[in-house]
S.K.: 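Submitted below is the structure of interest, expressed as structure tokens.
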Amino acid sequence: MIGYTAPLRDLRFVLHELLDVCATSPADGTEALDRETLDQILDAAGTFAAEVIAPLNGSGDREGCRMPAPGVVQTPAGFREAYERFCAGGWTALACDPVHGGQGMPSVLDNALYEMFCGANMGWAAYPGMSHAAYTCLATNGDPAQQALYLPRIASGEWAGTMCLTEPHAGTDLGLLRTRAQPRADGSYAVTGTKIFISGGEQDLTANIVHLVLARLPDAPPGVKGISLFIVPKFLPTADGGVGERNALACGSIEHKMGIHGNATCTMNFDGATGWLLGEANRGLAAMFVMMNHARIVVGVNAIGLMDAAYQKALAYARDRTQGRAPTKAARSGPADPIVAHADVRRMLLTQKAYVEGARAFALWASQLADVQRRGADPKERERAAKLLALATPIVKAFSSELAVECTSMAMQVFGGHGFITDNGVEQHLRDARIIPLYEGANGIQAMDLLGRKVLADGGAGLGLFLDAVEQFAQAQDDGLREFAEPLSDVVALARRAARDQVQRASADPDAAGAAAMPFLRLIGHVALAWMWARMAAVARARQSPDGDPIYRAKLATARFYFERLLPETQSLAVVLAADASDWTAGEMDWL
């Protein structure tokens with residue numbers, strides 16, 4: 001089986017040469033991250049990913065999580081030891097506040113590391129990844145006492161965190177949830193209900209698990225306006241912050257899944273479990289969205305890591321596998337030639353490369369926006385970053401995860417029949433990737449978030465801010481970048497027309513937005529990647545030399561492939577978006 005190699009050179013290209021993440025100091029007065037420190041962190045994380053958790057990926061998939069006794073979950077062999085090394089190395093605390101024992105590193109660096117961790121072993125990386133999302137929610141919504149109790153222990157990795165939203169009868173429609181929270185005289189609440197699909201809901205890695213649970217108070221109004229958020233730990237904390245008696249909650253079962261077998265996806269039963277209100281009563285959904293939006297960026301990064309891991313395997317196989325003759329005599333070397341010589345194999349490999357590197361750049365740009373929003377010195381820049389991040393989040397999550405399924409499938413195709421068997425490991429990446437379009441709200445919901453909340457709700461103003469930035473870049477380029485700047489301007493104009501058309505249609509047809517949402521998201525996703533590729537081409541053109549770093553020649557070549565072979569999909573998307581959907585969105589449709 002081909003192993004995992006951390007994409008360190010490309011991450012450095014994006015972080016230093018494209019985004020220049022070390023250029024500015026945070027508003028809190030702390031020093032900016034210097035390049036040498038960032039590179040040392042990248043190197044160490046890449047080593048951990050490749051040498052510690054990647055070797056557990058295949059075995060963890062085959063063994064999976066088990067329940068040797070009711071409510072007891074065992075993770076695959078080696079997972080716990082790897083987690084202990086992860087905590088000892090300070091990785092759980094990297095992006096946490098120094099007040100809570102963290103290192104205060106920016107999100108853009110943390111997400112770059114999680115791409116490597118997820119590419120190496122998605123099932124394992126989901127445990128600390130979900131805990132950091134819980135940390136983010138608690139840090140934003142918790143009162144000082146709650147922060148002092150929970151955040152240092154989550155930052156250290158001693159305790160884990162989960163997100164408990166979904167119920168058996170209600171998936172994304174959280175207004176239907178039935179879990180109840182009954183007030184007690186001591187200020188706590190008795191939480192009762194069942195939650196499903198809880199990642200890391202039970203495991204043997206940490207001393208305690210802090211569940212963040214959505215529930216209703218007795219006097220709550222109906223629908224989403226009546227949802228509150230509660231802290232419900234597996235073990236009740238003692239007065240000194242230790243682990244006390246077991247709370248009235250348990251894992252009822254673990255799901256038997258298509259992929260990510262190394263991660264315990266649990267049904268959690270709360271039977272009058274003791275919990276504490278997090279944030280304001282009946283404002284739980286807004287509080288939980290802090291965690292969900294953080295997680296949406298992270299799972300998009302996860303998707304990029306998986307498709308990169310699959311691409312690495314496909315590329316290595318294509319260079320080694322000999323079959324058929326190269327089309328030109330000059331490329332022939334024996335009775336058969338490596339399949340990388342065949343144009344269709346190169347097409348598949350370049351498609352993967354273009355999507356991986358373009359999506360990586362956009363996801364890390366969005367992560368940088370999160371840092372500016374949280375730590376920027378200029379209030380206007382923070383406000384602008386917040387608006388752009390709101391628009392970018394569903395694109396990072398949904399477009400990256402759609403591409404991950406396509407690219408991992410394409411990687412399997414490069415292998416031919418050898419990709420369909422387990423020996424080469426690429427089929428696991430496809431199975432694992434398939435969950436990401438479902439995570440944190442299925443992609444259709446992400447698309448409706450983009451079109452409905454981020455475009456229609458404000459008449460396209462938020463999208464206009466993004467498209468203006470892309471257009472300004474395109475207009476500023478000289479003739480040397482015309483091959484990228486002109487089609488970039490064209491696709492911006494196409495996106496503006498599509499947005500205006502959807503605003504007009506939505507005012508007359510309530511089904512119009514739902515019919516257009518997914519193709520619209522894919523269109524804007526292509527605008528985002530085209531912008532990133534044009535920017536990367538500009539950097540590469542300025543820095544390339546005949547005997548210089550080959551990454552610059554590769555960037556220019558891949559940018560050309562993206563603009564010539566992948567970006568033209570926007571033309572067909574525009575045709576789809578212009579079509580009248582009323583004939584299949586209205587009526588009974590008894591012909592389905």
S.K.: Salt-bridge test for R522 and E402: reply yes if a basic N is under 4.0 Å from a carboxylate O, no otherwise.
M.R.: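 Salt bridge flag = no for E402 with R522.
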
S.K.: Flag the pair D549 and R543 as a salt bridge only when some basic side-chain nitrogen lies within less than 4.0 angstrom of an acidic carboxylate oxygen.
M.R.: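 Between R543 and D549 there is no salt bridge, as every charged N stays at least 4.0 Å from the carboxylate O atoms.
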
S.K.: Is a donor from one side chain sitting under 3.5 angstrom from an acceptor on the other, for D39 and H16?
M.R.: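 Result is yes, a qualifying pair exists.
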
S.K.: Okay, side chain of K397, backbone of A442: is any donor-acceptor separation there less than 3.5 Å?
M.R.: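 A pair under 3.5 Å: no.
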
S.K.: Would you please classify the geometry between the F48 ring and the F86 ring as parallel, tilted or perpendicular, with 30° and 60° separating the classes?
M.R.: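 Tilted.
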
S.K.: Taking C-beta and beyond as the side chain, do Q502 and V455 meet within less than 4.5 Å on heavy atoms?
M.R.: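 The answer is no, as the side chains (C-beta and beyond) never meet within the 4.5 Å cut-off.
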
S.K.: How about H261 and D61: does a side-chain donor come under 3.5 Å of a side-chain acceptor?
M.R.: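 The criterion, which ignores hydrogens and geometry beyond distance, is satisfied for D61 and H261.
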
S.K.: Could you tell me whether a side-chain N or O of N424 sits under 3.5 Å from a main-chain N or O of G419, the two making a donor and an acceptor?
M.R.: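 No: the side chain of N424 does not pair with the backbone of G419.
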
S.K.: Mind checking the CD1-CE spacing from I436 to M307? Nearest 0.5 Å is all I need.
M.R.: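 If I round to the nearest 0.5 Å, the distance is 8.5 Å.
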
S.K.: Does the distance from a Lys or Arg side-chain N to an Asp or Glu carboxylate O, for D501 and R505, drop under 4.0 Å?
M.R.: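 Yes, this pair counts.
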
S.K.: I want to check something: taking the side chain as every heavy atom from C-beta on, are Q323 and D337 in contact at a cut-off of under 4.5 Å?
M.R.: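 With C-beta onward as the side chain, the pair stays apart.
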
S.K.: Of all the heavy-atom pairs spanning L56 and G78, show the shortest one and how long it is.
M.R.: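 So the two residues come closest at CD1-O, 3.4 Å.
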
S.K.: Is the W365 ring parallel, tilted or perpendicular to the F466 ring (thresholds 30°, 60°)?
M.R.: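 Judged by the thresholds at 30° and 60°, the geometry between W365 and F466 is tilted.
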
S.K.: Please answer whether the main-chain N or O of N111 pairs with a side-chain N or O of E115 as donor and acceptor at a distance below 3.5 Å.
M.R.: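 No, because the side chain of E115 does not come within donor-acceptor range (under 3.5 Å) of the backbone of N111.
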
S.K.: Within this structure, what is the CZ-CD distance for the pair F563 and E483, rounded to the nearest 0.5 Å?
M.R.: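 Nearest 0.5 Å value for the CZ-CD distance: 9.0 Å.
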
S.K.: Roughly how far, to the nearest 0.5 Å, is the CZ atom of R347 from the CG atom of L566?
M.R.: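 So the CG of L566 and the CZ of R347 are separated by 9.5 Å.
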
S.K.: Got C65 and Q74 here, is their nearest side-chain heavy-atom distance under 4.5 Å?
M.R.: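 When only atoms from C-beta onward are counted, Q74 and C65 do not touch, as no gap falls below 4.5 Å.
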
S.K.: Do W533 and T558 touch side chain to side chain, with heavy atoms closer than 4.5 Å?
M.R.: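 Heavy-atom side-chain distance check passes, below 4.5 Å.
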
S.K.: Atom CG in L306, atom CZ in R431: separation rounded to 0.5 Å?
M.R.: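 Those atoms lie 11.5 Å apart.
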
S.K.: If you measure from CD1 on I198 to OG1 on T166, what distance do you get to the nearest 0.5 Å?
M.R.: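 Between I198 CD1 and T166 OG1, I get 6.0 Å after rounding to 0.5 Å.
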
S.K.: Please examine the side chains of L33 and P106, heavy atoms only from C-beta on, and report whether any two atoms are closer than 4.5 Å.
M.R.: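 A side-chain contact under 4.5 Å exists here.
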
S.K.: Determine whether a donor-acceptor pair (N or O, by modelled atom type, separation under 3.5 Å) exists between the side chain of T393 and the backbone of L389.
M.R.: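 Present.
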
S.K.: Taking it one step at a time, do S401 and N443 satisfy side-chain hydrogen bond (donor to acceptor under 3.5 Å, both in side chains)?
M.R.: CA-CA 8 Å; S401 59; N443 281 355; 2.9 Å; yes

S.K.: If you count every heavy atom of other residues, nucleotides or ligands that lies below 6.0 Å from K257 atom NZ, does the total exceed 12?
M.R.: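 More than 12 within 6.0 Å, yes.
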
S.K.: Between Y127 and Y83, is the gap from one ring center to the other below 6.0 Å?
M.R.: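 Aromatic pair excluded; centres sit 6.0 Å or further apart.
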
S.K.: I'd like to know if K555 and D10 make a salt bridge, using a cut-off of under 4.0 Å between side-chain N and carboxylate O.
M.R.: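 Result for this pair is yes, salt bridge flagged.
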
S.K.: Dump the intermediate steps for salt bridge (charged side-chain N to carboxylate O under 4.0 Å, His left out) on E357 and K353, then the final yes or no.
M.R.: CA-CA 6 Å; E357 294 180 13; K353 179 179 175 65; 2.6 Å; yes

S.K.: Students often mix this up, so state it plainly: with edges at 30° and 60°, are the rings of Y562 and H526 parallel, tilted or perpendicular?
M.R.: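 Ring orientation, 0 to 90° scale: tilted.
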
S.K.: What's the separation between atom OH in Y317 and atom CG in L349, rounded to the nearest 0.5 Å?
M.R.: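 That separation rounds to 12.5 Å.
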
S.K.: Are more than 12 heavy atoms, taken from residues, nucleotides or ligands other than Q413, located less than 6.0 Å from that residue's CD atom?
M.R.: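 Open: at most 12 neighbouring heavy atoms sit under 6.0 Å from CD of Q413.
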
S.K.: Does R66 use its side chain to pair, donor to acceptor, with the backbone of T75 at less than 3.5 Å?
M.R.: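 No; zero donor-acceptor contacts below 3.5 Å.
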
S.K.: Are V298 and H132 side-chain neighbours, meaning at least one heavy-atom pair lies under 4.5 Å?
M.R.: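 The answer is no; the side chains never approach within 4.5 Å.
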
S.K.: Decide, yes or no, whether a salt bridge links R9 with E17 under the criterion of side-chain N to carboxylate O below 4.0 Å.
M.R.: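 Judged by the 4.0 Å cut-off on N to carboxylate O distance, R9 and E17 do form a salt bridge.
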
S.K.: Using a strict 4.0 Å threshold on nitrogen-to-oxygen distance, state whether E564 and R560 make a salt bridge.
M.R.: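 A salt bridge is absent here (no side-chain N lies under 4.0 Å from a carboxylate O).
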
S.K.: Mind checking whether N263 and S199 have side chains closer than 4.5 Å, heavy atoms only?
M.R.: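 Yes - at least one pair of side-chain heavy atoms lies under 4.5 Å apart.
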
S.K.: Only one of N57, T408, T422 passes side-chain hydrogen bond (donor to acceptor under 3.5 Å, both in side chains) with Q428; say which it is.
M.R.: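 Exactly one candidate clears the test, N57.
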
S.K.: Crowded around R553 CZ? As in, over 12 foreign heavy atoms under 6.0 Å?
M.R.: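 No.
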
S.K.: Between D308 and K313, is there a salt bridge with N-O shorter than 4.0 Å?
M.R.: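 Looking at K313 and D308, the cut-off is not met.
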
S.K.: Any heavy-atom pair between the side chains of F484 and Q477 that's under 4.5 Å?
M.R.: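 They are not in contact (no side-chain heavy atoms under 4.5 Å apart), so the answer is no.
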
S.K.: Looking at R35 and D20, does any basic side-chain N land under 4.0 Å from a carboxylate oxygen?
M.R.: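 No, R35 and D20 are not salt-bridged.
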
S.K.: Under a 3.5 Å cutoff, is there a donor and acceptor pairing between the side chains of D34 and T37?
M.R.: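 Present: a donor and an acceptor within the cut-off.
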
